[in-house]
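A short worksheet on the structure shown next.
Hydrogens, waters and symmetry mates are skipped; everything else that's a heavy atom, side chains included, is used. Residue numbers begin at 1 in each chain, while the letters A, B, ... track the order of the sequences.
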2 protein chains.
Amino acid sequence: MAFEEEQKIFDSFVREKGLKHSAQRIDILLTFLKTEKHLTADELHTLVKKKNPAIGIATVYRTLKLLCESGLSSELRLGDGSVRYEHFYGHEHHDHLVCIKCGNFTEVLDTEIEKLQERLARKEGFTLQGHKLLMYGVCKKCKG
Amino acid sequence: MAFEEEQKIFDSFVREKGLKHSAQRIDILLTFLKTEKHLTADELHTLVKKKNPAIGIATVYRTLKLLCESGLSSELRLGDGSVRYEHFYGHEHHDHLVCIKCGNFTEVLDTEIEKLQERLARKEGFTLQGHKLLMYGVCKKCKG
DNA sequence: TTGATTATGATAGTGATTATCAAATTCAAA
DNA sequence: TTTGAATTTGATAATCACTATCATAATCAA
């Protein structure tokens, strides 16, 4: 079975928190990991039900929260108010280019931009802790 | 009465859309303009009710939508999922520094960052249409 | 095997926002 | 000024994403 690394991380996290193991959480974790897309809770629920039709949406939400706490996933709040979950383990900090036509995401990073943000914050007397940068546009494919 | 400019803009917008005038919308507009803060719909509703207690929350939402369409206001979606409305007329494009302690906003702009975003998008084959940058940190006051 | 604890699924509840609708208001035309 | 068609309003029902509740099931250390 793939994703040994991630499963190990999740296992340790569950153990440290004094939680118990469950087949449902493993199903959800593996479905999440195998899908390299930014899914909504509902989309993930639909996918997981193919493997285990009995899983309820509440368990999906509960597990997504654990995935975020354990560092395997991260919430992504889009400009339209929707929330998607992205892979976080093995993905350094990055920003997003979102295509307004097809909805696809591209992860990007520009260290110069990061530095300038630090400088800008310092100039205003802020101690920066983090940031979210979403860029919207039309991707290569959609421009035809 | 102040805010003649903004009122004129709103008037033209209402007229062009074939809508009618109403005292409630004026109350909401003026309360919004006089408060130089990033308000939620609910907070604005509370303020407007001091002037006109009968105004319903639905009318506040409806009017906020018109304010955004007319260019007087703009929605700001925060990292925690909440939505606030900011003044847009006379405020050029800007990004935000948000204090994670007191919640205050500072509007900032760095033309270098803007240029680098363009360059970054172009490198990925994107035609950039816009972006949202939220920076989180601790402000001068809160570091005390 | 047991039993204390946690997890689950169904579902009720929540909070923010939108839709519906009857009554009130606006405003151009008579 | 009156009229009447169109729009606006406030109350409230509905919706949507998410969380809380709770009885039952599953886990796991002793």
Nearest non-hydrogen partners of A/Ile57 and A/Ala41, listed with the distance:
CD1-O, 4.1 Å
Terminal axis angle for the helix from C/dT1-D/dA30 to C/dA30-D/dT1, five pairs an end, nearest 10 degrees:
20°
What residues form a ring pair (Phe, Tyr, Trp, His ring centres under 6.0 Å) with A/His93, not counting sequence neighbours?
A/His131
I need the CG-P distance between B/Asp80 and D/dT19, as an integer number of Å.
13 Å
In whole angstrom, give the distance that lies between atom CD of A/Glu43 and atom C1' of D/dA17.
13 Å
Let me know the distance between CD of A/Glu75 and P of D/dA17, rounded to the nearest Å.
15 Å
Nearest heavy-atom neighbours spanning B/Tyr85 and B/Ser73
CB-OG, 3.6 Å
Partners passing side chain to side chain contact (heavy atoms under 4.5 Å, CB included) against A/Arg119 (at least two apart in sequence or in another chain):
A/Leu116, A/Arg122, B/Asp110, B/Glu112
Rounded off to whole Å, could you give me the CG-to-P distance for the B/Asp27 and D/dT9 pair?
10 Å
Please confirm whether the shortest side-chain N or O distance from B/Gln24 to OP1 or OP2 of D/dG10 is below 4.0 Å.
yes
One character per nucleotide, please: for nucleotides 14-24 of chain C, 5' to 3', B when the base has a protein heavy atom closer than 4.0 Å, S when only the sugar-phosphate does, - otherwise.
--SSBBB----
Summary of ring pair (Phe, Tyr, Trp, His ring centres under 6.0 Å) pairs that have at least one residue in residues 8-37 of chain B, sequence neighbours excluded:
B/Phe32-B/His87
A/Ile26 atom CD1 is separated from C/dT8 atom C1', nearest whole Å, by 15 Å
Got a sec, which residues hit side chain to side chain contact (heavy atoms under 4.5 Å, CB included) with B/Lys143, two or more places apart in sequence or on another chain?
A/Thr127, B/Val138
Partner set under ring pair (Phe, Tyr, Trp, His ring centres under 6.0 Å) for B/His38, not counting sequence neighbours
B/His96, B/Phe105
Integer-rounded Å distance: D/dC18 P and A/Arg84 CZ
11 Å
Rounding to a whole Å, what distance do you find between A/Leu39:CG and D/dC18:C1'?
17 Å
Rounded to the nearest angstrom, tell me the gap between atom CZ in B/Arg25 and atom C1' in D/dG10.
14 Å
Within residues 27-48 of chain B or reaching into it, pairs that qualify as salt bridge (charged side-chain N to carboxylate O under 4.0 Å, His left out) - sequence neighbours excluded
B/Glu43-B/Arg84
Which part of the nucleic acid does B/Ala54 contact within heavy-atom distance under 4.0 Å: base, sugar-phosphate only, or nothing?
sugar-phosphate
5'-most by nearest nucleotide on DNA chain D - B/Gly18 or B/Thr59
B/Gly18
Mind checking side chain to side chain contact (heavy atoms under 4.5 Å, CB included) for B/Glu124 and listing every partner two or more places apart, or none if nothing turns up?
A/Leu97, A/Thr106, A/Val108, B/Phe126
Sequence neighbours left out, what passes side chain to side chain contact (heavy atoms under 4.5 Å, CB included) with A/Lys140? Give chain and number order.
none
What pairs meet the salt bridge (charged side-chain N to carboxylate O under 4.0 Å, His left out) rule with one or both residues in residues 66-83 of chain A, with sequence neighbours excluded?
A/Lys17-A/Glu69, A/Glu75-A/Arg77
Polar atom pairs (N or O), protein with nucleotides 27-30 of chain C, under 3.5 Å:
{"unit_1": "C/dC27", "atom_1": "OP1", "unit_2": "B/His21", "atom_2": "N", "d": "3.1"}

